[in-house]
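It should be emphasised that the depicted structure is a prediction, and the values quoted were computed from it without experimental measurement. Just so you know, residue 1 is the first one in the sequence shown, and it goes up from there.
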Amino acid sequence: MKLTIVTPEKKVLDSVTVQELLVPGAKGEIGILPGHAPLVSTLGTGVLKYRLPKEKTFKQMAVSWGYCEVQADKVVVLAESVETKKELDKHKTTETLKDILKQLENIHLSPEEIRKLRKKEEEQRTFLKLLD
């Protein structure tokens, strides 16, 4: 099946043939193999994994929010953001996470500010998971 991954800024993958795909759905991981039933799902923040034909290991990238559309022969992932291991810096990610956690200690934050910070926290934790 063909996999395409797109963000508002760039096309990350364009019709790459994959044998297997694991996407972080909003309510849990979704496993997709060729011939999967048609599906449209929201994405959560997490690690997307795909395996190329004749390879045993999965390639991985962090995705944040979006949608996944599955058809019998293709999958399109529309994500708010996508980061690969080589685009991330562990030290910077750790420092960003510490800063977010410090901001969350402020008792005067509005519910909307807390929601935005929790979303950023989840992204940074996903980045660290990808880097491990």
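Counting only residues at least two apart or in different chains, side-chain hydrogen bond (donor to acceptor under 3.5 Å, both in side chains) contacts with residues 46-56 comprise Glu20-Arg51. The side-chain hydrogen bond (donor to acceptor under 3.5 Å, both in side chains) contacts involving residues 33-48 comprise Thr45-Trp65, where partners must be two or more places apart or lie in separate chains. Evaluation of the side-chain hydrogen bond (donor to acceptor under 3.5 Å, both in side chains) test over residues 97-106, restricted to residues two or more places apart or in two chains, returns Asp99-Gln103. Sorted by first and then second residue, the side-chain hydrogen bond (donor to acceptor under 3.5 Å, both in side chains) pairs involving residues 67-80 (not counting sequence neighbours) are Glu69-Gln71, Glu80-Lys119.
Annotation: salt bridge (Lys or Arg N to Asp or Glu O under 4.0 Å) contacts of Lys59 (sequence neighbours excluded): none. Pro53 is linked by a side chain to side chain contact (heavy atoms under 4.5 Å, CB included) to Thr17, Gln19, counting only residues two or more places apart in sequence or in another chain. Residues passing the side-chain hydrogen bond (donor to acceptor under 3.5 Å, both in side chains) test with Thr94, sequence neighbours excluded: none. In this structure, Lys129 has no side-chain hydrogen bond (donor to acceptor under 3.5 Å, both in side chains) partners at least two apart in sequence or on a different chain. Listed by chain and residue number, Arg115 satisfy the salt bridge (Lys or Arg N to Asp or Glu O under 4.0 Å) test with Glu112 (two or more places apart in sequence, or in another chain).
Cluster note: Leu22 groups with Phe58 through ILVMFWY side-chain heavy atoms spaced under 4.5 Å, whether in direct contact or through intervening members. Other members of the cluster containing Ile107 do not exist, because no ILVMFWY side chain is joined to it at under 4.5 Å.
How far NZ of Lys2 is from CG of Asp14: 10.0 Å, rounded to the nearest 0.5 Å. A distance of 8.5 Å separates CG of Leu88 from CD of Gln124, quoted to the nearest 0.5 Å. To the nearest 0.5 Å, atom CG of residue Leu109 and atom NZ of residue Lys116 are 11.5 Å apart.
When the side chains of ILVMFWY residues are joined at heavy-atom separations under 4.5 Å, either directly or via intervening members, Val16 and Val23 end up in a single hydrophobic cluster. Residues Val82 and Leu128 do not share a hydrophobic cluster, clusters being chains of Ile/Leu/Val/Met/Phe/Trp/Tyr side chains in contact below 4.5 Å. In terms of hydrophobic clustering, with Ile, Leu, Val, Met, Phe, Trp and Tyr side chains grouped at heavy-atom distances under 4.5 Å, Leu3 and Leu130 are assigned to different clusters. Note on Phe127 and Ile100: separate hydrophobic clusters, where clusters join Ile, Leu, Val, Met, Phe, Trp and Tyr whose side-chain heavy atoms are under 4.5 Å apart, directly or indirectly. By the criterion of side-chain heavy atoms lying less than 4.5 angstrom apart, applied directly or through intervening Ile, Leu, Val, Met, Phe, Trp or Tyr residues, Val77 is grouped together with Leu52 in one hydrophobic cluster.
When side chains are defined from C-beta on, Leu48 counts as touching Leu21, because their heavy atoms get closer than 4.5 Å.
With respect to the salt-bridge test (charged N to carboxylate O, under 4.0 angstrom), the residues Glu121 and Arg125 qualify.
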In a table with atom names and distances, give each donor-acceptor pair under 3.5 Å that connects a side chain of residues 4-13 to protein atoms at least two apart or in another chain.
from: Thr4; atom 1: OG1; to: Ser15; atom 2: N; distance (Å): 3.1
from: Thr7; atom 1: OG1; to: Glu9; atom 2: N; distance (Å): 3.2
from: Thr7; atom 1: OG1; to: Lys10; atom 2: N; distance (Å): 3.0
from: Thr7; atom 1: OG1; to: Lys10; atom 2: O; distance (Å): 3.3
from: Lys10; atom 1: NZ; to: Glu87; atom 2: OE2; distance (Å): 3.2

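Of all non-hydrogen atoms in Val75 and Cys68, the two that sit nearest each other are CG1-SG, 3.7 Å.
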